[in-house]
Amino acid sequence: QVQVVESGGGLVQAGGSLRLSCTTSGLTFIAYTMGWFRQAPGKEREGVSCISASGSRTYYADSVKGRFTISRDNAKNTLYLQMNSLKPEDTAMYYCAADACDPYGGRWFAKRPNINWGQGTQVTVSS
């Protein structure tokens, strides 16, 4: 059974930084593209960043480009999202998922029925 656990969220002032982590079990982590998504209240889940299985290719939504950095440690089955220069509009629940994006074409597949979502980690940025 695939399990996904996100952590690292919190309350931060605008301009601050947070580092999110995502650990997985039950899947061959090194074989999968991984992605970060977020969902604000009343809004649809949106793609934030995507990284290829090897880590050699990354993709970012325009809204976070230049501020967020995605990375992965395949030896630890862990995905990261370093978030700098945070803005109030970054406030959302953040989720990670396997095989839910394409870093080469910049495509997001959040609505695939077989995606295993974790509980998410809340990021709140105060102004």
Side-chain angles (χ1 to χ4, degrees):
Q1 183 177 355
V2 176
Q3 289 190 322
V4 177
V5 179
E6 302 92 345
S7 62
L11 173 63
V12 64
Q13 288 189 332
S17 298
L18 284 172
R19 189 194 194 202
L20 306 184
S21 297
C22 166
T23 57
T24 68
S25 60
L27 62 81
T28 306
F29 183 79
I30 197 172
Y32 288 96
T33 292
M34 296 294 298
W36 284 101
F37 296 78
R38 67 186 182 187
Q39 188 167 16
K43 295 187 177 181
E44 287 194 351
R45 193 166 299 188
E46 64 175 359
V48 174
S49 186
C50 186
I51 188 167
S52 63
S54 67
S56 62
R57 181 78 175 197
T58 58
Y59 181 83
Y60 298 91
D62 287 343
S63 58
V64 306
K65 203 172 293 183
R67 300 188 297 122
F68 290 10
T69 303
I70 191 171
S71 61
R72 63 191 296 162
D73 185 337
N74 286 341
K76 296 182 178 179
N77 287 2
T78 303
L79 177 73
Y80 303 100
L81 186 68
Q82 178 66 43
M83 306 188 296
N84 298 329
S85 302
L86 282 161
K87 304 175 181 180
E89 50 263 46
D90 294 318
T91 295
M93 188 72 78
Y94 283 71
Y95 303 88
C96 71
D99 200 25
C101 59
D102 168 18
Y104 297 92
R107 298 181 297 167
W108 310 102
F109 309 121
K111 295 184 178 180
R112 276 180 173 170
N114 59 337
I115 293 174
N116 293 282
W117 297 103
Q119 294 298 309
T121 186
Q122 177 68 39
V123 171
T124 303
V125 184
S126 63
S127 57

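Side chains included, hydrogens not; waters and symmetry mates left out as well; all remaining heavy atoms used. Since the model is a prediction, treat every value here as computed from it, not as a measurement.
Contact check for Val123 versus Leu20: side-chain heavy atoms found under the 4.5 Å cut-off. Looking only at side-chain heavy atoms (C-beta outward), Cys22 and Val4 come within less than 4.5 Å of each other. Side-chain contact between Arg67 and Asp90 is present, with heavy atoms from C-beta onward closer than 4.5 Å. Here the side chains of Gln122 and Thr91 are in contact, with some heavy-atom distance below 4.5 Å. When side chains are defined from C-beta on, Thr58 does not count as touching Pro103, because their heavy atoms never get closer than 4.5 Å. Within the 4.5 Å cutoff, the side chain of Val64 has heavy atoms near those of the Arg38 side chain.
The distance from atom CD1 of Ile70 to atom SG of Cys96, rounded to the nearest 0.5 Å, is 9.0 Å. Between the CD atom in Glu6 and the CG atom in Leu79 there is a gap of 9.5 Å [rounded to 0.5 Å]. Going from atom OG1 of Thr23 over to atom CG of Asp73 covers 12.0 Å, rounded to the nearest 0.5 Å. Note that CE of Met93 and OG1 of Thr124 are 8.5 Å apart. Values are rounded to the nearest 0.5 Å. With rounding to the nearest 0.5 Å, the separation of CE in Met83 from CZ in Arg19 is 11.5 Å.
Residues Ile115 and Ala97 share a closest heavy-atom pair of CG2-CB, 3.7 Å. Of all non-hydrogen atoms in Thr24 and Phe29, the two that sit nearest each other are OG1-CD1, 3.3 Å. Nearest approach of Arg72 to Tyr32, heavy atoms of both residues: NH1-O, 2.8 Å. Considering every non-hydrogen atom in both Gly9 and Thr121, the closest pair reads N-OG1, 2.9 Å. Contact record, Pro88 with Ser127: CG-CB, 3.8 Å, taken as the closest heavy-atom pair. The minimum heavy-atom distance between Ser56 and Tyr104, with the atom names listed, is OG-OH, 4.3 Å.
Linking Ile, Leu, Val, Met, Phe, Trp and Tyr residues whenever their side-chain heavy atoms come within less than 4.5 Å places Met34 and Val2 in a single cluster. Leu86 is connected to Tyr60 through a chain of hydrophobic side-chain contacts under 4.5 Å among Ile, Leu, Val, Met, Phe, Trp and Tyr, so both are in one cluster.
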Give the intermediate values and the outcome of side-chain contact (heavy atoms from CB on, under 4.5 Å) for residues Thr33 and Cys101.
CA-CA 7 Å; Thr33 292; Cys101 59; 3.7 Å; yes
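Proximity of the aromatic rings of Trp36 and Phe68 is defined here by a centroid distance below 6.0 angstrom, and this criterion is not met.
Salt bridge annotation for Lys65-Asp62: present, with a cationic side-chain nitrogen under 4.0 angstrom from a carboxylate oxygen.
Formation of a donor-acceptor pair under 3.5 Å by the Asp102 side chain with backbone atoms of Cys50 is not found in this model.
The one candidate from Tyr94, Phe109, Tyr95, Trp108 that meets the ring pair (Phe, Tyr, Trp, His ring centres under 6.0 Å) condition with Phe37 is Trp108.
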